[in-house]
Amino acid sequence: MSTLKNRLRSCIRPACAVLLALGIIWVILILAQYDAALAFKALFEAGFKNIKAFGNVLNRACPLLFTGLAVAFALRGNMINIGAEGQFLAGTMAATWTGIAFFPLPGFILIPLMLLMGAFAGAAWGFFPAILKAKLGVSEVITTIMFNYVALHIIGALVRGPLQDITQAEPQSYPIAKQAFLPSIIPGTKMHFGFLLGIIFAVVLYILLFKTYFGYEVRAVGHSHTAAKALGISVNRTSIYAMLIAGGMAGIGGAIEIGYNHYLLESISPGYGFTAIAVAILASNNPIGVIFSSLLFGFLSAGSTAMQRAAGVSATFVEVFQGLIVIFIAIAAETNTVQRRRFKKINL
């Protein structure tokens, strides 16, 4: 019964945060003399007007789902993964190279190979910060942030150097092989299988975290290093494995983005890895929750342009909305922690 109550509370807090943020944004729009009703109508229609619109939401949510899983899983192992952006970009580079270099391969081989190479590159990008922390005690916050910029500048060098398609005005890579383009799963839309694959991975990670001994080790390390060591768990090894899995998730997201966009460019990510932090926080670092929080942020991303077009609302209002959600989630989490401490003191 207590487990059920905890799960209900974990769902209620994010829902309340979203509703409060929604109400405050409504008030802000009115105070700014915008037509709030028209703006929210446009926002809703941008995501749910028809199957084509909903497919656009899923496509926008897909990279957030994979990078959100990367942040959430690493945090479960007490690794503050600010580097999902770099791991995502590493996946895009590996997938682009694979899609160009192995162009004779048929699609049913080339697409899985791109995903595999993306996962490997993302995992490698997560491995270095993890090993630096385990062996030298270097903060993963600093190293993962710096690795983001390393990945971004490597992409810049690639699209202006060995991979540059000189027939294009903007710096970008050659397109990947046509058979590596992600096919639409519904005719007449651009909806691809990426989000569905992300759901599968989220379920697998949930089972791994909560139904296996390895998941128990990850959660133990995330809860307390001292307790984990007392139980005979290798903290360093578990943290490294957690970052490898996290980086692999982000890398797969990057590979899927290349399969959708067909070529590499510097702006391939508008900051998915950073938005993923908010996605993971909203989901309380639960892989299943990441599915729904990524959908919410994908919906907001798809609707921001529609709000601007229909009611003249700046797209930055969506960023304000996202920020308010994170603030209210943080307040709810802190309030819950304070309540637990008071309850313990009363029992003592």
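Keep in mind it's a predicted model, so treat the numbers as computed, not measured. Below, all heavy atoms of this structure are taken into account, side chains as well, without hydrogens, waters or symmetry copies.
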Side-chain atoms of residues 192-201: list all donor-acceptor pairs with protein atoms under 3.5 Å, sequence neighbours left out, distances to 0.1 Å.
residue: His192; atom: ND1; partner: Gly194; partner atom: N; Å: 2.9
residue: His192; atom: NE2; partner: Asn59; partner atom: OD1; Å: 3.4

Mind listing the side-chain donor-acceptor pairs of residues 90-117 below 3.5 Å, one per line with the distance, residues two or more places apart or on another chain?
residue: Thr92; atom: OG1; partner: Leu89; partner atom: O; Å: 2.5
residue: Thr96; atom: OG1; partner: Thr92; partner atom: O; Å: 2.7
residue: Thr98; atom: OG1; partner: Ala94; partner atom: O; Å: 2.7

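Ser173 places a side-chain N or O within 3.5 Å of a backbone atom of Leu264 that can act as its donor or acceptor partner. Under a 3.5 Å cut-off, the side chain of Thr212 and the backbone N or O of Gly215 do form a donor-acceptor pair. Counting only distance, with no hydrogens or angles, the side chain of Thr189 and the backbone of Ile185 share no donor-acceptor pair below 3.5 Å.
Rounding to the nearest 0.5 angstrom, the gap separating the CD1 atom in Ile268 from the CG atom in Leu152 is 12.0 Å. The CG atom of Leu158 sits 7.5 Å away from atom CD1 of Ile155, with the distance rounded to the nearest 0.5 Å. To the nearest 0.5 Å, atom CD1 of residue Ile145 and atom CD1 of residue Ile80 are 10.0 Å apart. Note that CD1 of Ile131 and NZ of Lys135 are 5.5 Å apart. Values are rounded to the nearest 0.5 Å. Rounded to the nearest 0.5 angstrom, Met146 CE and Leu132 CG are separated by 12.5 Å. If you take CG on Leu300 and CG on Leu64, they are separated by 10.0 Å, rounding to the nearest 0.5 Å.
Each of Phe88, Phe297, Phe66 was checked for a ring pair (Phe, Tyr, Trp, His ring centres under 6.0 Å) with Tyr272, and the lone residue meeting it is Phe88. Among the candidates Ile256, Leu295, Ile291, Leu58, the single residue satisfying the side-chain contact (heavy atoms from CB on, under 4.5 Å) test with Leu65 is Ile291.
If you chain together hydrophobic residues whose side chains sit under 4.5 Å apart, Phe44 and Leu19 never meet in one group. Val235 and Leu244 fall into different hydrophobic clusters, defined by Ile, Leu, Val, Met, Phe, Trp and Tyr side-chain heavy atoms under 4.5 Å apart, directly or through other members. When hydrophobic clusters are built by joining Ile, Leu, Val, Met, Phe, Trp and Tyr residues whose side-chain heavy atoms come closer than 4.5 Å, directly or via intermediates, Met243 is not grouped with Val218. Note on Leu209 and Ile288: same hydrophobic cluster, where clusters join Ile, Leu, Val, Met, Phe, Trp and Tyr whose side-chain heavy atoms are under 4.5 Å apart, directly or indirectly. No chain of hydrophobic side-chain contacts below 4.5 Å, direct or via other Ile, Leu, Val, Met, Phe, Trp or Tyr residues, connects Met79 to Ile233.
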**Message:** Would Val279 and Val71 count as a side chain to side chain contact (heavy atoms under 4.5 Å, CB included) here? Give the steps.
**Reply:** CA-CA 9 Å; Val279 170; Val71 174; over 6 Å; no
**Derivation and outcome, ring-ring contact (aromatic ring centres under 6.0 Å, His included), residues Tyr216 and Phe210** = CA-CA 7 Å; Tyr216 167 75; Phe210 298 102; over 10 Å; no
**Request:** Walk me through it: do Arg60 and Ser301 pass the test side chain to side chain contact (heavy atoms under 4.5 Å, CB included)?
**Result:** CA-CA 7 Å; Arg60 287 176 180 257; Ser301 175; 3.0 Å; yes
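With sequence neighbours excluded, no residue satisfies side chain to side chain donor-acceptor pair (under 3.5 Å) with Asn286. The salt bridge (Lys or Arg N to Asp or Glu O under 4.0 Å) test applied to Glu257 returns no partner, not counting sequence neighbours. Take Ser293 and apply the side chain to side chain donor-acceptor pair (under 3.5 Å) test, not counting sequence neighbours, and it matches no residue. Partners of Arg160 according to the salt bridge (Lys or Arg N to Asp or Glu O under 4.0 Å) rule, which considers only residues two or more places apart in sequence or in another chain, are Glu266. Applying the side-chain contact (heavy atoms from CB on, under 4.5 Å) criterion to Ala42, with sequence neighbours excluded, gives Ala306, Ala310. For Asp165, the side chain to side chain donor-acceptor pair (under 3.5 Å) partners are Thr167, not counting sequence neighbours.
Looking at Arg237 and Glu217, their side chains come closer than 4.5 Å, going by heavy atoms from C-beta outward. Two residues are said to be in side-chain contact when any heavy atoms from C-beta on lie closer than 4.5 Å; Trp26 and Phe40 meet this criterion. Put simply, the side chain of Ile245 reaches to within 4.5 Å of the side chain of Leu205, judged on heavy atoms. Annotation: side chain of Ile207 is in contact with side chain of Val203 (closest heavy-atom distance under 4.5 Å). Considering only heavy atoms from C-beta on, Ile51 comes within 4.5 Å of Met191 through its side chain.
Atom CZ of Phe181 sits in a crowded spot, with more than 12 heavy atoms from other residues, nucleotides or ligands closer than 6.0 Å. Within 6.0 Å of the OH atom in Tyr263, the count of heavy atoms belonging to other residues, nucleotides or ligands does not exceed 12. For Phe120, the CZ atom counts as loosely surrounded, since its 6.0 Å shell holds 12 or fewer non-hydrogen atoms of other residues, nucleotides or ligands.
Sequence neighbours left out, not one pair with a member in residues 238-252 passes side-chain hydrogen bond (donor to acceptor under 3.5 Å, both in side chains). Within the structure, no pair that satisfies the side-chain hydrogen bond (donor to acceptor under 3.5 Å, both in side chains) test touches residues 34-49, not counting sequence neighbours. Under the ring-ring contact (aromatic ring centres under 6.0 Å, His included) criterion, the residue pairs touching residues 132-163 are Trp125-Phe147, with sequence neighbours excluded. Residue pairs satisfying the side-chain hydrogen bond (donor to acceptor under 3.5 Å, both in side chains) criterion with at least one member in residues 62-82, sequence neighbours excluded, are listed as follows: Asn78-His225, Asn81-Gln87.
Checked against the 6.0 Å centroid criterion, the rings of Phe48 and Phe299 qualify as a close aromatic pair.
Between Ala280 and Gly68, the shortest heavy-atom distance links the atoms CB-O, 3.9 Å.
With hydrogens and angles left out, the side-chain atoms of Ser269 and Glu85 include a donor and acceptor closer than 3.5 Å.
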